[in-house]
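Some notes on the structure that comes next.
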Amino acid sequence: MTDLMQEGRRVADRPSAGRALADGVGAILQAIGSRSVSTLEALFECVHTLFSGDRETRRRVSFSVAMIALSAKMAKADGIVAPSEVAAFRSIFQIPPEEMRNVFRLYDLAKQDTAGFEAYAARMTTLCGEGEHHCQLLSDVLDGLFHIAKADGILHERELEFLRRIATVFEMSEREFAAVENRHVAHGAAGDYAVLGVSPNDTLPAIRARYLELVRENHPDRLAARGVPAEFMAIGTERMKAINAAYESVAKARAAA
């Protein structure tokens, strides 16, 4: 146990975020190999043990582990992994090329594990932190999964059902899920309101207030504070583009009415 905690502190001290993630995944793989338990149980135990004294690093590694494991489960559920989806997956994990082998080793372990994706998603909810109900980090994970799923130009029905079930396990409301979905799949004017999480019956001042709240929530500093890795910020930028476009569309339609 002490050796694992020391390894966790060593990872946290690394200067490069990408290198820290690579070392974190490597440490987890090494620790998993020494346990006679399922991959799911080992993952859960290792993340908590390795980074028990460093909440920030634990969140960052937890996010990455969730993305890797659930991406693998999504690929298994869909039955098809397009090259564009692999490229999208790689774009989220900007770590040294020579270290990608560990990321894909963890990906393969999760894909081959007999535990279902609901079990993985349920355990991932506990990685956010103690005493937190539906932390925002779970929405970030779902956003990343949408990014990968749509990379081949089509969001397949099986993928959408998988994502919807993940959201259910994450205890996200229909409105919260719709906001994420509509950032990735265009649904016209109704989709604009869904992206903003507002109703067509809301006043423009109320819609603007919600828009400004979303801008604050998705500021890079806020994303980093809740454990989103630096390499994920590009997806955060795309999220803000969708939010800005939705508000501009709604505001323009209201002005023309």
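What's counted below: heavy atoms across the whole structure, side chains too, no hydrogens, waters or symmetry copies.
- Residues Met172 and Ser139 meet the side-chain proximity criterion, which asks for heavy atoms closer than 4.5 Å.
- Annotation for Leu214 and Val195: closest pair CD1-O, 4.1 Å, computed over non-hydrogen atoms.
- Inter-residue side-chain proximity for Tyr107 and Ser71 is flagged as met; some heavy-atom pair is nearer than 4.5 Å.
- Residues Asp113 and Tyr120 form a side-chain contact, since some pair of their non-hydrogen atoms from C-beta on lies under 4.5 Å apart.
- In the model, Ser249 has a side-chain atom that pairs as donor or acceptor with a side-chain atom of Asp192 under 3.5 Å.
- Using a 4.5 Å cut-off on side-chain heavy atoms (C-beta onward), Tyr211 and Val198 make no contact.
- Note that the CE atom of Met74 and the CD1 atom of Ile166 stand 9.0 Å from one another [nearest 0.5 Å].
- In the hydrophobic cluster analysis, where Ile, Leu, Val, Met, Phe, Trp and Tyr join through side-chain heavy atoms closer than 4.5 angstrom, Met240 is grouped together with Ile207.
- Annotation for Asn182 and Ala194: closest pair ND2-CB, 3.4 Å, computed over non-hydrogen atoms.
- The hydrophobic cluster containing Leu109 also contains Phe104, counting ILVMFWY residues as joined when their side-chain heavy atoms lie under 4.5 angstrom apart, directly or transitively.
- Here salt bridge (Lys or Arg N to Asp or Glu O under 4.0 Å) pairs that include residues 198-210, with residues two or more places apart or in two chains, are Arg210-Glu213, Arg210-Glu217.
- Between Gly144 and Met67, the shortest heavy-atom contact is C-CE, 3.5 Å.
- From Lys73, atom NZ reaches atom CG of Leu70 across 9.5 Å, with rounding to the nearest 0.5 Å.
- Atom CG of Leu163 is separated from atom OG1 of Thr168 by 11.0 Å, given to the nearest 0.5 angstrom.
- Counting heavy atoms from C-beta outward, Lys150 and Val185 have side chains that stay 4.5 Å or more apart.
- For Arg216 and Asp221, the salt-bridge test fails: no basic side-chain N is under 4.0 Å from an acidic carboxylate O.
- With contacts defined as side-chain heavy-atom distances shorter than 4.5 Å, the pair Phe146/Leu160 qualifies.
- Note that CG of Leu142 is 8.5 Å distant from CZ of Arg183, once rounded to the nearest 0.5 Å.
- Under the 4.0 Å criterion applied to side-chain N and carboxylate O atoms, Glu174 and Arg164 are assigned as salt-bridge partners.
- Between the side chain of Glu248 and the main chain of Ala245, no donor-acceptor pair closer than 3.5 Å is present.
- In this pair, Phe162 and Phe117 present their aromatic rings tilted. The plane angle is within the 30 to 60° band.
- Shown here are the salt bridge (Lys or Arg N to Asp or Glu O under 4.0 Å) partners of Glu161, two or more places apart in sequence or in another chain: there are none.
- Residue Leu155 holds its CG atom at 9.5 Å from NE2 of His184, rounded to the nearest 0.5 Å.
- With rounding to the nearest 0.5 Å, the separation of CG in Asn218 from CG in Asn244 is 10.0 Å.
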Q) Hey, mind stepping through Arg165 and Val169 against side chain to side chain contact (heavy atoms under 4.5 Å, CB included) and telling me if it holds? A) CA-CA 6 Å; Arg165 290 170 68 183; Val169 176; 5.7 Å; no
